[in-house]
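These notes are about the structure you will find just below.
Numbers here are sequence positions counted from 1.
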Amino acid sequence: MSVRTTDLIRPVMRAVCAMAACAAVLALAVRPALAGGPSPQTLVAVSDEWAPRIMAGPDGSAEGICPMVLRQVAEDLGLGVEFGFMPKPRRQMAFRRGEINVVPCVSPMWEELLSDVAVHSEPFMMSTEVVLMSAGAKGVFRSVRDFAGLRVGTIGGYVYHDGFDEAFETGLLRREDAYTLPQNLQKLRAGRIDAMIVDDYEAAYWMHEAGWSEGDVRVAYVFTDPAPITVMLHASLREFLPKVNASLARMRSNGTLRALFAEYGPRKLAAHLTR
């Protein structure tokens with residue numbers, strides 16, 4: 001199947017422009033609170049984009065499963081909520097300083113640097129990471145060593161388990177950072193990287209946006225342990241954690257979470273389920 005490069009560039013540019021607009025709004029909202037941190041009546045929720053879980057809409061507002069979940073949590077707690085987007089390294093620094101008090105969609109496995117200033121809700125969804133290669137790629141890949149010498153597309157600031165981070169550090173693999181996942185998909189299609197690590201749900205979303213099919217790629221490897229996805233609160237909000245968990249439990253039992261997954265899915269790479 002032939003896909004024009006603009007098929008993927010257009011949604012990327014929309015997302016980048018929306019993120020810039022949203023970041024400007026957030027800067028205005030947060031700047032007065034920098035000295036003392038966010039208001040105790042307001043959740044300042046910041047993330048990098050992770051479609052379809054969290055993404056910037058055309059007007060820069062946060063859309064996706066996680067913003068909808070957090071809006072309901074905030075309503076249940078009687079709190080306001082403001083959203084914004086930052087790359088992970090900047091977001092982590094701002095969270096540690098207390099300028100941000102919520103990350104709406106993250107795994108404790110990826111945030112060990114903040115473990116002393118963060119508390120996590122009960123998981124409300126899971127993330128399965130896979131290694132994608134071009135459909136014609138040959139070989140059997142049972143462990144990280146089977147990818148030796150390859151250029152692997154990653155996202156700057158992200159950590160990767162199953163020995164991949166160690167393989168990058170030792171030079172067994174070449175880490176090729178990008179800012180967004182669509183950039184890596186385009187690089188994979190152009191042959192500028194040999195493989196890429198990605199959450200299968202996000203990959204399926206962007207492939208659908210670009211008009212690709214699963215036949216255009218190969219799921220070469222599935223990571224061992226799915227990552228639990230939680231709401232991460234700053235430790236200063238620890239007292240709210242039981243109420244956050246109660247709100248998530250209600251959404252699970254009354255079908256709200258199921259409805260959100262259906263609204264923003266059900267696109268998910270199915271190939272690894274039948275390997």
Side-chain angles (χ1 to χ4, degrees), residues 47-54 65-66 86-93 95-96 103-133 137 139-185 187-188 193-207 217-232 268-275:
S47 175
D48 44 348
E49 269 205 296
W50 192 22
R53 291 178 173 88
I54 181 167
I65 296 170
C66 297
M86 285 185 188
K88 182 178 178 179
R90 282 183 55 209
R91 186 263 296 164
Q92 286 182 321
M93 289 188 292
F95 188 91
R96 177 167 292 281
V103 180
C105 204
V106 75
S107 176
M109 296 170 60
W110 309 330
E111 299 292 336
E112 293 178 1
L113 288 175
L114 297 175
S115 60
D116 59 323
V117 293
V119 292
H120 289 265
S121 74
E122 293 296 323
F124 61 93
M125 63 191 308
M126 303 295 287
S127 168
T128 301
E129 288 188 307
V130 299
V131 178
L132 291 188
M133 303 182 76
V140 177
F141 302 92
R142 295 191 178 92
S143 75
V144 66
R145 299 197 66 82
D146 295 323
F147 295 94
L150 298 187
R151 302 163 298 172
V152 180
T154 51
I155 301 296
Y158 281 29
V159 297
Y160 298 99
H161 294 273
D162 282 21
F164 278 83
D165 272 350
E166 292 82 358
F168 293 137
E169 291 172 5
T170 61
L172 181 67
L173 308 180
R174 282 180 53 188
R175 176 170 181 150
E176 299 279 347
D177 276 350
Y179 183 67
T180 67
L181 182 141
Q183 290 172 350
N184 273 336
L185 281 172
K187 287 165 67 177
L188 181 67
I193 54 176
D194 304 301
M196 60 181 287
I197 302 174
V198 60
D199 167 78
D200 64 349
Y201 196 40
E202 186 182 15
Y205 173 85
W206 284 115
M207 288 171 63
V217 297
R218 172 190 174 187
V219 178
Y221 179 81
V222 180
F223 278 65
T224 305
D225 296 317
I229 303 305
T230 70
V231 176
M232 184 172 76
K268 186 177 177 71
L269 286 181
H272 73 270
L273 301 177
T274 56
R275 280 172 80 246

Distance, nearest 0.5 Å, that separates [atom1] of [X] from [atom2] of [Y]:
| X | Y | atom1 | atom2 | value |
| --- | --- | --- | --- | --- |
| Arg91 | Met232 | CZ | CE | 5.0 Å |
| Leu181 | Asp48 | CG | CG | 11.5 Å |
| Asp177 | Thr154 | CG | OG1 | 3.5 Å |
| Glu176 | Ile197 | CD | CD1 | 12.0 Å |
| Glu49 | Ile54 | CD | CD1 | 8.0 Å |
| Asp165 | Tyr158 | CG | OH | 13.5 Å |

- [ ] For the residue pair Tyr221 and Phe223, categorise the inter-ring angle as parallel (less than 30°), tilted (30 to 60°) or perpendicular (more than 60°).
- [x] perpendicular
TODO: Just say parallel, tilted or perpendicular for the rings of Phe168 and Tyr160, cut-offs at 30° and 60°.
DONE: perpendicular
Side chain of [X], backbone of [Y]: donor and acceptor closer than 3.5 Å?
| X | Y | result |
| --- | --- | --- |
| Ser107 | Pro228 | yes |
| Arg218 | Ala137 | yes |
| Asp146 | Ser143 | yes |
| Asp162 | Thr224 | yes |
| Arg96 | Leu113 | yes |

Heavy-atom pair with the smallest gap, counting every atom of [X] and [Y]:
| X | Y | value |
| --- | --- | --- |
| Thr230 | Ser121 | CG2-O, 3.3 Å |
| Ala167 | Val144 | CB-CG2, 3.7 Å |
| Cys105 | Ile229 | SG-CG2, 3.8 Å |
| Gly149 | Leu173 | N-CD2, 4.1 Å |
| Gln183 | Ala178 | OE1-CB, 3.6 Å |

Just wondering, do [Y] and [X] contact through their side chains at under 4.5 Å, heavy atoms?
| X | Y | result |
| --- | --- | --- |
| Val152 | Val131 | no |
| Ser47 | Val106 | no |
| Val130 | Val198 | yes |
| Asp199 | Arg53 | yes |
| Ser127 | Tyr201 | no |
| Leu114 | Gln92 | yes |
| Glu111 | Lys88 | yes |

- [ ] Assess whether side chain to side chain contact (heavy atoms under 4.5 Å, CB included) is satisfied between Trp50 and Ile155, documenting all intermediate values.
- [x] CA-CA 11 Å; Trp50 192 22; Ile155 301 296; over 6 Å; no
Open item on the list: Quiz question: by atom type and distance under 3.5 Å, do the side chains of Asp200 and Thr128 form a donor-acceptor pair?
Closed with: no
- [ ] May I have the step-by-step check of side chain to side chain contact (heavy atoms under 4.5 Å, CB included) for Met133 and Phe147, ending in yes or no?
- [x] CA-CA 11 Å; Met133 303 182 76; Phe147 295 94; 4.0 Å; yes
Task: Over 12 foreign heavy atoms within 6.0 Å of CZ, Arg175 - done: yes
Task: side chain to side chain donor-acceptor pair (under 3.5 Å) against Asp194, all qualifying residues, sequence neighbours excluded - done: Arg151
TODO: List the steps and the verdict of side chain to side chain contact (heavy atoms under 4.5 Å, CB included) for His161 and Trp110.
DONE: CA-CA 9 Å; His161 294 273; Trp110 309 330; 4.2 Å; yes
